[in-house]
2 protein chains.
Amino acid sequence: MVRKPTSKETARKPNMREAILAAAEELFAINGFNAVSVRDIAQAAGANPGSVTYHFKTKDGLLLEIYQRHCGPMNLRRSELLAAAKRVRDLQDRLEAVVRAYVVPAFTSGSDLAGGGARFTRLRAVMSAEGNEVARKIIAQTFDDTSHAFIDAIHDSLPHIPRTDIVWRSHFLLGALYYSLVTPDRVSRLSRGEADGNDAASAIEQLVQATVAAFQAPALDQAAPVKRRPVVSSKT
Amino acid sequence: MVRKPTSKETARKPNMREAILAAAEELFAINGFNAVSVRDIAQAAGANPGSVTYHFKTKDGLLLEIYQRHCGPMNLRRSELLAAAKRVRDLQDRLEAVVRAYVVPAFTSGSDLAGGGARFTRLRAVMSAEGNEVARKIIAQTFDDTSHAFIDAIHDSLPHIPRTDIVWRSHFLLGALYYSLVTPDRVSRLSRGEADGNDAASAIEQLVQATVAAFQAPALDQAAPVKRRPVVSSKT
DNA sequence: TGATCTTTTGTACGATAGTACAAATCACAT
DNA sequence: ATGTGATTTGTACTATCGTACAAAAGATCA
């Protein structure tokens, strides 16, 4: 039989599916995966719980779809920005451009998705903290390449810093980035209202400025290799 | 009747209560609050589920007890280290000492609790990401004082940096700290085995070094208030 | 020992979780 | 209009959740 996948195959009425995705993304990003029920999502999307099962089979499948929806555009955007940053001649400026290329897409929209950049990044932060299995797999196989590309680019701008130090510092960058999206109100509170933790532009500039300086810090290397500071091991 | 609170009042057999607390702390720190059931905790502690209810009334009460168990010692330790740090004469050295006074207690044991510092800090990180209500209240009313004290101390070492910037950067510090405890394996992975994300000593040194540099970065202030930096030109 | 208090156990209850599935409904080509 | 396949709805099943509570067990002291 000859199939004619004109409008039938391409999801004739994607409204509800999209609504469920959006509602789930928002609820997961705010409350985490475990605290949100399928019924919560359905209600927020104005749908029936059974409809979620129909479109995404399982709750995990829903999370998976959210990731697959964003990972592509965000990494594409990062690649473009990184490529542009690498063309900056001055080393100091290039470092800042690279950091900016890493930070900006996390705060802003991935592409056509309205303002979803910060929301999805917050989602990733929360899933990371929850140790979500689905997220862990996707992250490792989707973002590690990007992370390596950025680490390499930063290393090119700072040849005298060991790669190990750059890994640590970029790890700190991601942690700071995540935390800024997870608990923005704390910034407002601790600054006694002088700063707005929810202002993405401020967050980006502050983060870029601080991170560039952190990357430029002298290397730790072998000086005082911290043989056995009485620190206590983290795991038994 | 004259009471003789010799051994009865002081918890005659605290073994089980302590075992439940320890098990809960570990499970919460790893899997979050919502993903862990009372039955999980009881089983891990070798106790009966009803015993958890008996000692802590509710699951929230158990979390509350964990916080109250750690907050005192950890903040005390921080205060001591901070006081010592403030006495450092050289401004550069003092800044590093202050940062270290903030970081070290988060990674190491609060006091008598065996290796619980990193575990409890990780717990705080996860609760923060989950938006746990119980944790949020305690954190705000217990740690904000400490945070302000550190921010002030850092500001004293860096008088030319606006307080707002210092708040942002200390926020980044806490985010980096949290993330290092939540996802240490990522460091090992991205460094291709050259760094050990689970090594507390390395984490502390790297974090202190990077953070001191971040604090010392020039102020953002009003220079170029981020109208619309041409972050990128590529659109392809 | 027997009385009394603390702790542990076992069990059960109501609520809610994820998911399955049949019936109802819808959109559209014929 | 009607048949057809894609959705949506309603409902139900099982599992597990937090918690309550009575009974059993253990400990302490007159």
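Numbered from 1 within each chain, the chains take letters A, B, ... in sequence-line order. Quick caveat, the model's predicted, so the values are computed rather than measured.
The CZ-C1' distance, from A/F56 to D/dT8, rounds to 14 Å in whole Å. The CG atom of A/D40 sits 14 Å away from the C1' atom of C/dA15 (whole-angstrom rounding). Summarising the geometry, the separation between CD on B/E18 and P on C/dT7 is reported as 13 Å, rounded to the nearest angstrom. Between the P atom of C/dA27 and the CG atom of A/N15 lies a distance of 11 Å, rounded to the nearest Å. Straight-line distance from the CD1 atom of B/I20 to the P atom of D/dT19: 14 Å, rounded to whole Å. As a whole-Å value, the separation of A/R17 CZ from D/dA6 C1' is 13 Å. For the pair B/Q43 CD and D/dC17 P, the computed distance is 11 Å after rounding to whole Å. D/dT19 atom C1' lies 13 Å from atom CD1 of B/I41, rounded to whole Å.
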(request) Assign a letter to each nucleotide of nucleotides 9-14 of chain C from its 5' end: B, base within under 4.0 Å of a protein heavy atom; S, sugar-phosphate only; -, no contact. (result) BB-B--
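Among residues at least two apart or in separate chains, ring pair (Phe, Tyr, Trp, His ring centres under 6.0 Å) pairs with a member in residues 170-208 of chain B are A/H171-B/Y179, A/Y178-B/Y179, A/Y179-B/H171, A/Y179-B/Y178, B/W168-B/F172. Sorted by first then second residue, the ring pair (Phe, Tyr, Trp, His ring centres under 6.0 Å) pairs that include residues 180-207 of chain B, not counting sequence neighbours, number zero. Applying the salt bridge (Lys or Arg N to Asp or Glu O under 4.0 Å) definition to pairs two or more places apart or across chains, those involving residues 19-30 of chain A are A/E25-A/R119. Listed by first and then second residue, the ring pair (Phe, Tyr, Trp, His ring centres under 6.0 Å) pairs that reach into residues 132-154 of chain A are A/Y102-A/F150, sequence neighbours excluded. Sequence neighbours left out, the pairs with a member in residues 123-141 of chain B that pass salt bridge (Lys or Arg N to Asp or Glu O under 4.0 Å) are B/E133-B/R136.
The phosphate of C/dA20 (OP1 or OP2) has no side-chain N or O of A/T53 nearer than 4.0 angstrom.
Nearest nucleotide to the side chain of A/H55, out of D/dT8, D/dA20, C/dG18: D/dT8.
Contact detail for A/L27 and A/V36: the closest heavy-atom pair is O-CG2, 3.5 Å.
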